Enquirer: 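Sharing a structure with you now.
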Amino acid sequence: MALKLNNKFIEKFVSNEDIANISAEIYEAQKLLASRTGEGNDFLGWVDLPVDYDKEEFERIKKAAKKIQSSCDVFIVIGIGGSYLGARAAIEFVKSPVYNNIPNKDTPDIYFAGNSISASALNDLLKICEGKDVCVNVVSKSGTTTEPAVAFRVFRALLEEKYGKDGAKERIFATTDKAKGTLKKFSDENSYETFVVPDDVGGRFSVLTAVGLLPIAVAGIDIDLMMKGAQDARIAYSGSDINTNDCLKYVAIRNILYRQGKSVEILAAYEPAAQMLCEWWKQLYGESEGKDGKGIYPSSVIFSTDLHSLGQFIQDGSRIMFETVLDIKKANDELLIPFDPNNVDKLNFLSGKDLDYVNHTAMLGTLFAHSDGNVPNIVLELNDRSEYSFGYLIYFFELACAVSGYTLGVNPFNQPGVESYKKNMFALLGKEGYEELREELNKRIK
């Protein structure tokens, strides 16, 4: 198994009896998911996706990735939320958080657009593209979501001006609805190659679909191994014994802690490469559980960096939180600390030691400190940062999120709150059909 739950630092907060007492609820939530009879059951395509995916499209993704690798210096991925977070998380986790700065790589630099409404951010990307060959992947189910739609307008104009309409169509790839929607229609009219956002997979669960897989493959990551990891996780977490199924045990522990008043979960990692994975995780859990006045608020930290900022609050602040610590057992690299004959910094006791050993020692010291400070710590031990382990971890978190949502009594697959800001923004910007709301909001502004 690529992932193991270590509950050594949780035992004084959650007992075996506590887990036994909640286990019937967890089993019911698991059965609700498996029977596909719970709320949001039309968005369960991710459950069997690791084995039941479109093999023909999968091969087209790999073929398109090679085409992009050979024809551009810069690859722009346009999308917001689940349409970009999973891909970016994978690239930074498996490759490097400074992937674009790696010298002599045989894959293009990859940048992400359409995830904000910042003119400065978009202009910075346009400057990066100057004098470079560029390809674009626009990811949108409908094609009308404001942030990515605006970015696509801008980059489509850039490509058409640089390569002409015929040349641009060879450099634009659309990941969208299979048969309907503005972007699908426009893509067909302009002969863009298209990939499918499955109808039964919500955005935050879509990293192992074409949504995430095309950019991931462009980065030179083996998507076959990634899917294999997810396949094996699907099998590993199919059992109903909470004592042997670490995914169910994670669900049980976090829900027990929630009922004890721990309303904030902090995902803590000791590798900067996991920062965007944390961002993906925050969307997955925040958008899935935060509704109906319920939910555990998802936050994240990268240690040891954040030990020098948020560490004080975690150690001594209000006791409303628990931590889920991602312990990556094997580092990608080795770096030995050199000996200093003058011992200026008084750190010669570290000479000859691998920096990863020091990092893990810092993690152990922090686990003891935070646990002694009455912060519960769940430890998830992940083998490494490989494609396989990433796929395994993604499936673990997705499955746990779904079961946990049902345990909380919410629909884990909708996001009604997200629609509120959109309606207000459309009304204030003057979109047709929002006249009454616009009038109401303008009165409130005055």
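Basis for what follows: all heavy atoms, side chains included, without hydrogens, waters or symmetry-related copies. Sequential numbering from 1 along the given sequence is applied to the chain's residues. This is a predicted model, so every value here is computed, not measured.
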Enquirer: Would you say that more than 12 heavy atoms from the other residues, nucleotides or ligands in this model lie under 6.0 Å from the CD of Glu17, or not?
Expert: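 At most 12 heavy atoms, drawn from other residues, nucleotides or ligands, come within 6.0 Å of this atom.
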Enquirer: For the residue pair Asp232 and Tyr388, confirm or rule out a side-chain donor-acceptor distance under 3.5 Å.
Expert: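 A donor-acceptor contact under 3.5 Å links the two side chains.
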Enquirer: With a 4.0 Å cut-off on N to O distance, would you call Arg234 and Asp48 a salt bridge?
Expert: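 Here Arg234 pairs with Asp48 in a salt bridge, since their nearest N and O are under 4.0 Å apart.
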Enquirer: Would you indicate whether Arg153, at its atom CZ, is surrounded by more than 12 heavy atoms from other residues, nucleotides or ligands within a distance under 6.0 Å?
Expert: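 Atom CZ in Arg153 is not packed in, count stays at 12 or less.
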Enquirer: Any donor-acceptor pair under 3.5 Å linking the side-chain atoms of Thr176 with those of Lys141?
Expert: no
Enquirer: Can the ring centres of Tyr285 and Tyr297 be said to be less than 6.0 Å apart?
Expert: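 Centroid distance Tyr285-Tyr297: not below 6.0 Å, so no.
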Enquirer: Side chains of Ser404 and Glu289: closer than 4.5 Å at any heavy-atom pair?
Expert: yes
Enquirer: State whether a side-chain donor-acceptor pair under 3.5 Å links Asn255 with Thr407.
Expert: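 Their side chains do not contain a donor-acceptor pair, so the 3.5 Å distance test is not met.
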Enquirer: How about Asp384 and Lys329: do any of their side-chain heavy atoms sit closer than 4.5 Å?
Expert: no
Enquirer: Tyr84 ring centre to Arg88 NZ or CZ under 6.0 Å, with the angle to the axis within 45°?
Expert: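 The answer is no, since Arg88 fails at least one limit relative to Tyr84.
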Enquirer: Any heavy-atom pair between the side chains of Glu323 and Ile314 that's under 4.5 Å?
Expert: yes
Enquirer: Take Leu5 and Ile378, measure what side-chain contact (heavy atoms from CB on, under 4.5 Å) needs, and give me the verdict at the end.
Expert: CA-CA 7 Å; Leu5 189 151; Ile378 307 166; 4.0 Å; yes
Enquirer: Just do the ring pair (Phe, Tyr, Trp, His ring centres under 6.0 Å) check on Phe43 and Phe205 with the steps written out, would you?
Expert: CA-CA 9 Å; Phe43 286 99; Phe205 289 85; 9.3 Å; no
Enquirer: Taking the six-membered ring for Trp, are Phe173 and Tyr192 closer than 6.0 Å centroid to centroid?
Expert: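 No, they do not, as the ring centres are separated by 6.0 Å or more.
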Enquirer: Can you name the closest pair of heavy atoms from Gly239 and Leu248 and give their distance?
Expert: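 Scanning both residues, the minimum pair turns out to be O-CD1, 3.7 Å.
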Enquirer: Evaluate the side-chain proximity of Val134 to Cys72: yes if any heavy-atom separation is below 4.5 Å, no if none is.
Expert: no
Enquirer: Less than 4.0 Å between a side-chain N and a carboxylate O, is that true for Lys228 and Asp224?
Expert: no
Enquirer: For Lys422, look at atom NZ and say whether over 12 heavy atoms of other residues, nucleotides or ligands are found less than 6.0 Å away.
Expert: yes
Enquirer: Out of curiosity, Asn21 CG to Ile256 CD1, how far, rounded to the nearest 0.5 Å?
Expert: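 That separation rounds to 8.0 Å.
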Enquirer: Using the six-membered ring of Phe390, assess whether NZ or CZ of Arg385 lies under 6.0 Å from its centre and within 45 degrees of the ring axis.
Expert: no
Enquirer: Would Tyr237 and Phe396 count as a close aromatic pair, with their ring centres under 6.0 Å?
Expert: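 Centroid distance Tyr237-Phe396: below 6.0 Å, so yes.
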Enquirer: Side chains of Ser240 and Gln30 only: does a donor on one sit below 3.5 Å from an acceptor on the other?
Expert: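 No.
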Enquirer: Is it true that, when you exclude Glu161 itself, more than 12 heavy atoms of the residues, nucleotides or ligands shown sit nearer than 6.0 Å to its CD?
Expert: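 At most 12 heavy atoms, drawn from other residues, nucleotides or ligands, come within 6.0 Å of this atom.
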Enquirer: So do Ile337 and Leu355 actually touch side chain to side chain, heavy atoms under 4.5 Å?
Expert: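 With C-beta onward as the side chain, the pair touches.
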Enquirer: So, taking the atom named CG in Leu183 and the one named OG in Ser142, what distance separates them when rounded to the nearest 0.5 Å?
Expert: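 The distance works out to 8.0 Å.
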Enquirer: Distance only, no hydrogens: is a donor on one side chain within 3.5 Å (strictly under) of an acceptor on the other, for Asn383 and Lys4?
Expert: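 No - no donor-acceptor pair under 3.5 Å links their side chains.
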Enquirer: Around atom NZ of Lys353, are there more than 12 heavy atoms of other residues, nucleotides or ligands at under 6.0 Å?
Expert: yes
Enquirer: Test side chain to side chain donor-acceptor pair (under 3.5 Å) on Asn377 and Lys8; report intermediate values, then the result.
Expert: CA-CA 8 Å; Asn377 273 252; Lys8 177 180 176 62; over 6 Å; no
Enquirer: Where do Ala2 and Ser389 come nearest, in terms of heavy atoms and distance?
Expert: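 Where Ala2 meets Ser389 most closely, the heavy atoms are CB-OG, 4.0 Å.
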Enquirer: Would you call Glu28-Lys31 a salt bridge at under 4.0 Å N-O?
Expert: yes
Enquirer: Between Lys62 and Glu56, is there a side-chain N and carboxylate O pair less than 4.0 Å apart?
Expert: no
Enquirer: I'd like to know whether Ser116 forms a side-chain contact (heavy atoms from CB on, under 4.5 Å) with Glu147, so could you lay out the CA-CA distance, the side-chain angles of the two residues, the decisive distance to 0.1 Å, and finally the verdict.
Expert: CA-CA 6 Å; Ser116 75; Glu147 295 90 341; 6.0 Å; no
Enquirer: Quick one about Tyr163 and Asp133 (side-chain donor to acceptor, distance below 3.5 Å, no hydrogens or angles considered), yes or no?
Expert: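 Yes, side-chain donor-acceptor contact under 3.5 Å.
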Enquirer: Taking all atoms of both residues into account, what is the closest heavy-atom pair of Asn359 and Tyr270, and its distance?
Expert: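 Smallest heavy-atom distance, with atoms named: ND2-O, 3.0 Å.
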Enquirer: Please confirm whether the ring centroid of Tyr258 lies under 6.0 Å from the ring centroid of Phe322.
Expert: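 Ring centroids of Tyr258 and Phe322 are no less than 6.0 Å from each other.
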Enquirer: Determine, for Glu170 against Lys67, whether the closest basic-nitrogen to carboxylate-oxygen distance falls under 4.0 angstrom.
Expert: yes
Enquirer: Is it true that atom NZ of Lys63 has more than 12 heavy atoms of other residues, nucleotides or ligands lying nearer than 6.0 Å?
Expert: no
Enquirer: If you take all heavy atoms of Ile61 and Ala217, which pair is closest and at what distance?
Expert: CG2-CB, 4.4 Å
Enquirer: Dump the intermediate steps for side-chain contact (heavy atoms from CB on, under 4.5 Å) on Phe152 and Ser140, then the final yes or no.
Expert: CA-CA 10 Å; Phe152 184 43; Ser140 176; over 6 Å; no
Enquirer: List the steps, then state whether side-chain contact (heavy atoms from CB on, under 4.5 Å) holds for Ser71 with Cys135.
Expert: CA-CA 8 Å; Ser71 61; Cys135 290; 3.7 Å; yes
Enquirer: When rounded to the nearest 0.5 angstrom, what is the spacing between CG in Leu380 and CD1 in Ile328?
Expert: 11.0 Å
Enquirer: Around Phe339, counting heavy atoms of other residues, nucleotides and ligands shown, do more than 12 lie under 6.0 Å from its CZ?
Expert: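 For Phe339, atom CZ is crowded (more than 12 foreign heavy atoms under 6.0 Å).
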Enquirer: What pair of heavy atoms forms the shortest contact from Val264 to Ser299, and how long is it?
Expert: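 So the two residues come closest at CG1-CB, 4.4 Å.
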Enquirer: Without hydrogens or angle criteria, can the side chains of Ser120 and Asn123 be said to hold a donor-acceptor pair below 3.5 Å?
Expert: no
Enquirer: Using a cut-off of 6.0 Å, state whether more than 12 heavy atoms not belonging to Lys294 lie near its atom NZ.
Expert: yes
Enquirer: Using the ring of each side chain (for Trp, its six-membered ring), is Tyr395 parallel, tilted or perpendicular to Trp46, with breaks at 30° and 60°?
Expert: tilted
Enquirer: Given the ring of Tyr250, does Arg254 sit roughly above its face, with NZ or CZ under 6.0 Å from the centre of the six-membered ring and within 45° of the axis?
Expert: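 The answer is yes; both the distance and angle limits are met.
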Enquirer: Please give me the minimum heavy-atom distance between Val136 and Phe75, naming the atom from each residue.
Expert: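 So the minimum-distance heavy-atom pair works out to C-CE1, 4.0 Å.
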Enquirer: Between the side chains of Asn137 and Thr175, is a donor N or O closer than 3.5 angstrom to an acceptor N or O?
Expert: yes
